[in-house]
Amino acid sequence: MEKRRIGNSELQIAPLALGGNVFGWTADEPTSFAVLDEFIASGGNMIDTADVYSAWAPGNSGGESETVIGRWLKRSGKRDQVVIATKVGFVAGLAPETIAAACDASLQRLGTDCIDLYYQHTDDQTVPLADSLGAFEELRRAGKIRAVGLSQFTAPRIDEAMQVAKTENFEPPCALQTWYNLVEREKLEGPLRDAALSNGLGILPFYSLANGFLTGKYRSREDLEKSVRGTRNTEYLEGRGMRVLAALDEVAAETGAPLATVALAWTMAQPGITAPIASATSLDQLRELLASMALELTAAQIERLNAASA
């Protein structure tokens with residue numbers, strides 16, 4: 001399996017990261033374990049989660065995903081085969097004392113002594129970057145994290161964070177996590193991607209399948225009732241969304257691959273992308289995701305998708 005380095009870090013991962021947002025939410029523990037087992041057995045190695053997953057679900061308070069992953073790590077004994085990424089600060093902010101406590105809580109839930117890639121989950125402009133990045137640097141020096149990531153940062157704030165790290169002699173961030181897919185290219189392409197590339201950040205996009213729209217599951221308003229996330233796809237039914245599906249249908253017919261596989265393979269082929277993040281609530285879904293790592297689109301197919309999604 002091809003491995004890609006995350007920015008300037010020592011972390012190397014397969015070109016697909018498994019999203020853990022569904023674990024303990026729409027995927028129960030036995031299903032989550034089965035998905036994790038097959039993902040690792042198929043050559044994947046990065047699992048992406050956050051301390052807030054899945055606080056939005058009735059009865060949950062956050063940490064459920066990390067807890068499921070921690071139980072799987074204990075049962076499987078495969079900690080040395082995986083790169084664990086998690087995040088802090090989405091709800092509670094990025095004050096240094098918040099970061100320190102949250103990291104310890106994540107480590108406990110994950111049942112590990114070190115997080116491979118620890119993200120600032122969203123930019124907290126009420127806390128100076130020297131303070132939040134300083135707290136991350138303390139965690140790194142203590143051996144609690146290996147590398148630092150930024151999630152949902154703007155281009156100017158990426159530049160500022162990298163300059164602060166240089167000035168303060170902190171280990172610089174190595175990764176940017178951001179929203180990106182075939183129907184929402186503008187969320188990355190342009191100044192944000194330029195900032196990531198110029199600063200040597202590996203890019204790991206979330207919403208890689210646009211809430212499932214790029215699987216072809218939602219083609220009419222009636223289809224939106226098919227899942228709990230269906231109504232999020234309303235806007236994709238307008239404009240380029242249907243053009244993109246038509247192009248995906250063509251490439252899928254040529255390659256024999258499902259639409260989700262083609263959409264992820266397109267993302268993997270874009271400049272600066274280390275690995276898209278995608279989640280699965282069944283083994284059938286997972287297999288469509290995994291197939292993207294082996295699908296090499298032709299230049300003509302990529303150009304057709306580019307034109308449809310422009």
Side-chain angles (χ1 to χ4, degrees), residues 3-13 15 17 46 48-51 83-90 92-100 102-103 106 114-180 184-208 267-268 270-277:
K3 291 290 194 292
R4 298 178 176 183
R5 188 179 298 277
I6 303 178
N8 297 319
S9 75
E10 295 179 353
L11 302 174
Q12 296 193 51
I13 63 169
M46 184 177 196
D48 179 88
T49 186
D51 62 358
V83 173
I84 299 288
T86 192
K87 313 177 196 76
V88 58
F90 192 81
L94 292 168
E97 60 273 16
T98 300
I99 292 168
C103 182
S106 287
C114 182
I115 293 162
D116 297 302
L117 178 58
Y118 202 37
Y119 284 97
Q120 298 198 1
H121 198 160
T122 188
D123 186 9
D124 181 358
Q125 298 197 27
T126 68
V127 177
L129 282 163
D131 292 352
S132 60
L133 291 173
F136 274 59
E137 179 69 5
E138 286 187 21
L139 294 173
R140 190 188 67 80
R141 292 178 181 174
K144 293 182 178 182
I145 68 172
R146 291 175 65 193
V148 176
L150 307 174
S151 176
Q152 305 182 77
F153 272 55
T154 62
R157 289 287 281 177
I158 289 172
D159 289 336
E160 186 179 344
M162 300 304 282
Q163 185 56 51
V164 166
K166 183 178 181 180
T167 300
E168 300 289 340
N169 200 29
F170 299 156
E171 186 78 10
C174 67
L176 170 68
Q177 193 168 124
T178 191
W179 189 317
Y180 184 56
E184 292 166 303
R185 291 171 55 185
E186 67 284 352
K187 289 187 180 289
L188 171 62
E189 294 176 17
L192 183 59
R193 183 166 66 186
D194 292 346
L197 294 177
S198 66
N199 286 294
L201 300 181
I203 303 170
L204 295 99
F206 57 83
Y207 286 140
S208 298
T267 305
M268 290 173 191
Q270 300 309 300
I273 300 297
T274 304
I277 302 162

Exercise. Just grab all the salt bridge (charged side-chain N to carboxylate O under 4.0 Å, His left out) pairs involving residues 158-169, residues at least two apart or on different chains.
Key: R157-E160
Practice problem: Just do the side chain to side chain contact (heavy atoms under 4.5 Å, CB included) check on Y180 and I203 with the steps written out, would you? | Solution: CA-CA 10 Å; Y180 184 56; I203 303 170; over 6 Å; no
Practice problem: Flag yes if more than 12 heavy atoms outside F206 fall under 6.0 Å of its CZ atom; otherwise flag no. | Solution: yes
Nearest heavy atoms of [X] and [Y], plus distance in Å:
X: I115; Y: T86; answer: CD1-CG2, 3.7 Å
X: L192; Y: F153; answer: CD1-O, 3.3 Å
X: P276; Y: P15; answer: CD-O, 3.1 Å

Self-check item: Worked verdict on Y119 versus L204 for side chain to side chain contact (heavy atoms under 4.5 Å, CB included)
Solution: CA-CA 12 Å; Y119 284 97; L204 295 99; 3.6 Å; yes
Can you tell me how far apart [atom1] ([X]) and [atom2] ([Y]) are? Round to the nearest 0.5 Å.
X: N169; Y: T167; atom1: CG; atom2: OG1; value: 10.0 Å
X: L201; Y: L176; atom1: CG; atom2: CG; value: 6.0 Å
X: D124; Y: D131; atom1: CG; atom2: CG; value: 10.5 Å
X: L94; Y: T126; atom1: CG; atom2: OG1; value: 8.0 Å

Extract all donor-acceptor atom pairs below 3.5 Å that involve side chains of residues 134-144 and protein atoms in other chains or at least two apart in sequence.
unit_1: E137; atom_1: OE1; unit_2: R140; atom_2: NE; d: 3.2
unit_1: E137; atom_1: OE1; unit_2: E171; atom_2: N; d: 3.0
unit_1: E137; atom_1: OE2; unit_2: R140; atom_2: NH2; d: 2.8
unit_1: E137; atom_1: OE2; unit_2: R141; atom_2: NE; d: 2.8
unit_1: E137; atom_1: OE2; unit_2: R141; atom_2: NH2; d: 3.2
unit_1: K144; atom_1: NZ; unit_2: D104; atom_2: OD1; d: 2.8

Exercise. List for me each residue that meets salt bridge (charged side-chain N to carboxylate O under 4.0 Å, His left out) alongside D51, sequence neighbours excluded, and say none if there are none.
Key: none
Would you say [X] and [Y] make side-chain contact, with heavy atoms under 4.5 Å?
X: T267; Y: P205; value: yes
X: K187; Y: Y207; value: no
X: R193; Y: P271; value: yes
X: P173; Y: L133; value: yes
X: L117; Y: M46; value: yes

So, [X] side chain and [Y] main chain: donor-acceptor pair closer than 3.5 Å or not?
X: S106; Y: A102; answer: yes
X: Q177; Y: Q152; answer: no
X: D116; Y: A85; answer: no

Self-check item: Among T122, D48, T49, the one residue meeting side-chain hydrogen bond (donor to acceptor under 3.5 Å, both in side chains) with K87
Solution: D48
